[in-house]
Amino acid sequence: MIHIGQQTQCQWETAVTNTEPAPGAAKQAESSDPAVIEVRNPGTGQVVGTVPDESADAVAAKVRELRLFQPEWEAIGPEGRKEWLLKLQDWLIDNTDVLADVLQSETSKPRADALIDPAFSVDLTGYYARRAAKFLADDHPSPHSPLARVKKLTTVYRPYPVVGVITPWNFPLAMPVIDVIPALAAGAAVILKPSEVTPLSALELARGWAEIGAPPVFAVVTGRGPAGAAVVDNVDFVQFTGSTATGRKIAVACAERMVPYSLELGGKDPAIVLADADLDRAAHGIAFGGMFNSGQVCISVERVYVEAPVYDEFVTKLTAAVRNLRQGIDGRESKHDIGALANENQAQIVQRHVDEAVAKGARVLTGGKRAGFGTAFEPTVLVDVDHTMSCITEETFGPTLPVIKVADEAEAVRLANDSIYGLSASVWTGDKDRGNRIARQLNVGGVNINDVFVNLFSYALPMGGWGLSGVGTRWGGPAGIRKYCKQQAITTPILPTQQKELFWFPYSMPKLLFAVGAMRAAGARGLRRIDLPAVLKLKGDSK
Ligand code: NAD
């Protein structure tokens, strides 16, 4: 068990102690001390650690301390930072088993899922460590006009001193790493506020940073919403991942302080299955896309639209794939495909979406109820659903796949776009050109053709939501690290300079006419470029 006190000493005995499901034991009890947060395994209900609910003053003090060390971190440059990030990568590899244990203890994920967070973290850390120098190098863009060629233009990328990263509970290690690493690589100091539901993995990351002896430019604060709000109140850039409701509050707070922010929020991702698709691949892919991590992925498949000619066959295949999933609690062995939900609140949302759909005439083909241990909910396929039901309009963030029959591609696109969210989507078709054409009609930040989640492992692409799914993007090659930088424009003379530039004071009409004529010659089109009379007309009455 892990107990983190105000002095942030970390001791843990065993993270995955009780693998026996405790029916109904997962209600998230509050600690009797409001300043202490109890972390529970949602599958067993067992308390696996405690962390402090840190005050706004404590958060502010940590940010002040980070500010002291950030200039040196910036000064060692991307090559200096690369060494530290690659040491952290080594640490992540060497500690993978322990990291997976801790992560499993606070999420009750299957072992295979728990191992994904460290693997992803290793991959992403290497990507930014090795490319930061290239991505942060000065740019020298070409001047827009021949007249400006007398200057050398330079864009410089300088980090926001302290970046605040606030994360949810669905990937307790990967969600922090996803944004902490590019911000550190940019030269910023980072304060991380992980979810109060799963803070232990984030504290492991801080332990790793300390154990490799890295400069103290990365700190974790634990706590509930007010601790997150205190982060927003003190940093120079906010990177938030979480619900749309919290994201909106953060946007308002950032606007008050005039600090930039980036929001990765909720989703309701559609999958479109066309009649020419490989139905076996589509069924297995969508079962994975909807059920991975019990559906608690921002880009989970949450709605499925199937062309009428293949609807029955697809639904039969999907239901079989979902029914075959093994649900339970793993120890270090990997015996299950899905586990429990993160907390009781999630389980109740899923149950409500299913119940409301059934009350309006939907049918449950498999699942539809609690799985009998902790917060777990059975993998569920729903049919006869429509756009009046909460299971289609609200983010579920659970193991449900509601399926809708559509007449054709046009109806599929129309219904897929009928959402307040716009995170990502998938299109399943035997014709890649058709898939690409449909992708361009979907109002979402990412589309996978004949696959799911691939955009989440493609750091060279931007990842971000449209509509209420977010503001800004993460990744996208250089953009993923430059977002944590202020951009500075520097102009330097190329030619020897004179005592005075032609256009400096004092003004005179001939100088003005010369300037206007030159700008038109350089930038206008056709005869207007050389229309001297039109320029001279500007003289007006001053003959
Ligand atoms: P949440 O919004 O409840 O909490 C997220 C974080 O914000 C937590 O650390 C929480 O303590 C903190 N917080 C709460 N109130 C705050 C405030 N006023 N100011 C600052 N911080 C505050 O979200 P959650 O329930 O932890 O996570 C689930 C949500 O996250 C889902 O909607 C899911 O779609 C979304 N999500 C999005 C992505 C993405 O990349 N788009 C990825 C994962 C999860």
Side-chain angles (χ1 to χ4, degrees), residues 28 37 39 42 51 53-54 56 59 106-107 117 120 164-179 191-199 201-202 220-235 238-254 256-257 259 261-269 292-302 341-350 394-398 419-424 444-446 453 455-457 459 462-475 480:
Q28 301 274 308
I37 296 171
V39 183
V51 295
D53 188 3
E54 296 191 56
V59 174
E106 59 183 347
T107 60
D117 274 53
F120 174 90
V165 175
I166 302 172
T167 54
W169 39 254
N170 56 343
F171 293 94
L173 180 67
M175 273 296 138
V177 163
I178 216 169
D179 295 311
I191 187 157
L192 165 68
K193 210 299 279 174
S195 169
E196 58 272 37
V197 180
T198 56
S201 298
V220 175
V221 285
T222 55
R224 302 189 174 90
V231 168
V232 175
D233 285 344
N234 285 279
V235 298
V238 178
Q239 172 64 49
F240 172 77
T241 306
S243 65
T244 298
T246 307
R248 184 174 276 130
K249 286 184 202 163
I250 287 176
V252 170
C254 287
E256 286 290 343
R257 293 192 56 229
V259 295
Y261 57 88
S262 181
L263 307 174
E264 301 291 334
L265 308 176
K268 191 73 193 172
D269 288 6
F292 168 56
N293 200 29
S294 292
Q296 301 169 114
V297 188
C298 52
I299 55 171
S300 287
V301 177
E302 292 231 352
L341 291 160
N343 54 35
E344 180 59 26
N345 187 41
Q346 278 308 119
Q348 288 182 9
I349 293 170
V350 179
E394 295 175 22
E395 183 182 48
T396 305
F397 226 58
S419 174
I420 55 173
Y421 295 110
L423 199 49
S424 77
V444 295
F453 301 145
N455 61 323
L456 194 51
F457 294 90
Y459 319 133
M463 185 210 167
W466 297 4
L468 295 192
S469 289
V471 175
T473 54
R474 58 163 64 98
W475 307 336

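Predicted, not measured: the structure shown is a model, and the values here were computed from it. Note: hydrogens, waters and symmetry copies are ignored here, and every other heavy atom, side chains too, is used. Note that ligands are numbered from 1 as they come in the structure, with each ligand's atoms numbered from 1 the same way.
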> How close does the nearest protein non-hydrogen atom get to atom 24 (P) of ligand 1, and which residue and atom is it?
Replying inline: W169 NE1, 3.4 Å
> So which protein heavy atom does atom 35 (C) of ligand 1 come closest to, and at what separation?
Replying inline: G242 O, 3.2 Å
> So, the side chain of N455 versus the backbone of G446: is there a donor-acceptor pair under 3.5 Å, distance only?
Replying inline: no
> In terms of residue, atom name and distance, what is the protein heavy atom nearest to atom 12 (C) of ligand 1?
Replying inline: I166 CG2, 3.7 Å
>> Check this for me: does any side-chain nitrogen of one of D179 and R474 sit under 4.0 Å from a carboxylate oxygen of the other?
In response: yes
>> Evaluate V221 against L192 for side-chain contact (heavy atoms from CB on, under 4.5 Å), listing each step before the verdict.
In response: CA-CA 6 Å; V221 285; L192 165 68; over 6 Å; no
>> I'd like to check which ligand 1 atoms, numbered from 1 as shown, lie under 4.0 Å from a non-hydrogen atom of P194.
In response: 9 (O)
> What class does the angle between the rings of F120 and W475 fall in, given that below 30° is parallel, 30 to 60° is tilted and above 60° is perpendicular?
Replying inline: tilted
>> Could you identify the single nearest non-hydrogen protein atom to atom 23 (O) of ligand 1 and state the distance to 0.1 Å?
In response: S243 N, 3.3 Å
>> Check contact between A245 and ligand 1, using heavy atoms of the residue and a distance below 4.0 angstrom.
In response: no
> Of all the non-hydrogen atoms in the protein, which one sits nearest to atom 18 (N) of ligand 1, and at what distance?
Replying inline: K249 CD, 4.0 Å
> Does T167 reach ligand 1 with a nitrogen or oxygen that is under 3.5 Å from one of the ligand's nitrogen or oxygen atoms?
Replying inline: yes
> Which ligand 1 atoms does K193 reach within 4.0 Å, using its non-hydrogen atoms?
Replying inline: 8 (C), 9 (O), 10 (C), 11 (O)
> Stepwise, does the side-chain contact (heavy atoms from CB on, under 4.5 Å) test hold for V39 with V197?
Replying inline: CA-CA 6 Å; V39 183; V197 180; over 6 Å; no
> Does ligand 1 have an atom under 4.0 Å from some heavy atom of F240?
Replying inline: yes
> Between P194 and T198, what is the shortest heavy-atom contact and its length?
Replying inline: CB-O, 4.4 Å
> Which ligand 1 atoms does G228 reach within 4.0 Å, using its non-hydrogen atoms?
Replying inline: 19 (N), 20 (C), 21 (N)
> Below 4.0 Å from any atom of ligand 1, is there a heavy atom belonging to M463?
Replying inline: yes
>> Please report the interatomic distance CG(D53) to OG1(T222), rounded to the nearest 0.5 Å.
In response: 7.0 Å
> Between E302 (side chain) and F397 (backbone), is there a donor-acceptor pair under 3.5 Å?
Replying inline: yes
> Any chance CZ of R248 has more than 12 other-residue heavy atoms, nucleotides or ligands included, within less than 6.0 Å?
Replying inline: no
> Tell me, which protein residue and heavy-atom name are nearest atom 19 (N) of ligand 1, and how many Å apart are they?
Replying inline: A229 N, 3.4 Å
>> If we check side-chain contact (heavy atoms from CB on, under 4.5 Å) with K193, which of these qualifies: V59, V232, V231?
In response: V231
>> Let's go through V444 and Y421 carefully: what are the C-alpha distance in whole Å and the side-chain angles of both, what is the deciding distance for side-chain contact (heavy atoms from CB on, under 4.5 Å) to 0.1 Å, and is it a yes or a no?
In response: CA-CA 8 Å; V444 295; Y421 295 110; over 6 Å; no
> Which heavy atom of the protein is the closest neighbour of atom 43 (C) of ligand 1, given with residue, atom name and distance?
Replying inline: N170 ND2, 3.2 Å
> Between Q346, Q296, K268, which is the residue that forms a side-chain hydrogen bond (donor to acceptor under 3.5 Å, both in side chains) with T396?
Replying inline: K268
> Can you check whether F240 and Y261 have ring centres sitting under 6.0 Å from each other?
Replying inline: no
> Counting each atom of ligand 1 from 1 as listed, which ones have a heavy atom of P168 under 4.0 Å away?
Replying inline: 24 (P), 26 (O), 27 (O), 30 (O), 43 (C), 44 (C)
> Can you tell me if M175 has a non-hydrogen atom under 4.0 Å from ligand 1?
Replying inline: yes
>> Taking distance alone, with N or O pairs closer than 3.5 Å, would you say T246 contacts ligand 1?
In response: yes
>> For atom 11 (O) of ligand 1, which of the options E196, R224, E395 provides the nearest non-hydrogen atom?
In response: E196
> For T244 and ligand 1, does the shortest N/O to N/O distance drop below 3.5 Å?
Replying inline: no
> Hey, is ligand 1 close enough to R474 that some N/O pair sits below 3.5 Å?
Replying inline: yes
>> Suppose we measure from atom 41 (N) of ligand 1 to each protein heavy atom; which comes out shortest, and what is that distance?
In response: L265 O, 2.8 Å
> Does some non-hydrogen atom of S195 fall short of 4.0 Å from ligand 1?
Replying inline: yes
> Which residue from G470, A342, C298, P199 reaches closest to atom 42 (C) of ligand 1 through any of its heavy atoms?
Replying inline: C298
>> Go through it in stages, so that I can follow the logic: the residues are L423 and W466, the test is side-chain contact (heavy atoms from CB on, under 4.5 Å), and I'd like the CA-CA distance, side-chain angles, deciding distance and then a yes or no.
In response: CA-CA 6 Å; L423 199 49; W466 297 4; over 6 Å; no
>> At under 4.0 Å between heavy atoms, is it the side chain or the backbone of V297 that contacts ligand 1, or both, or neither?
In response: neither
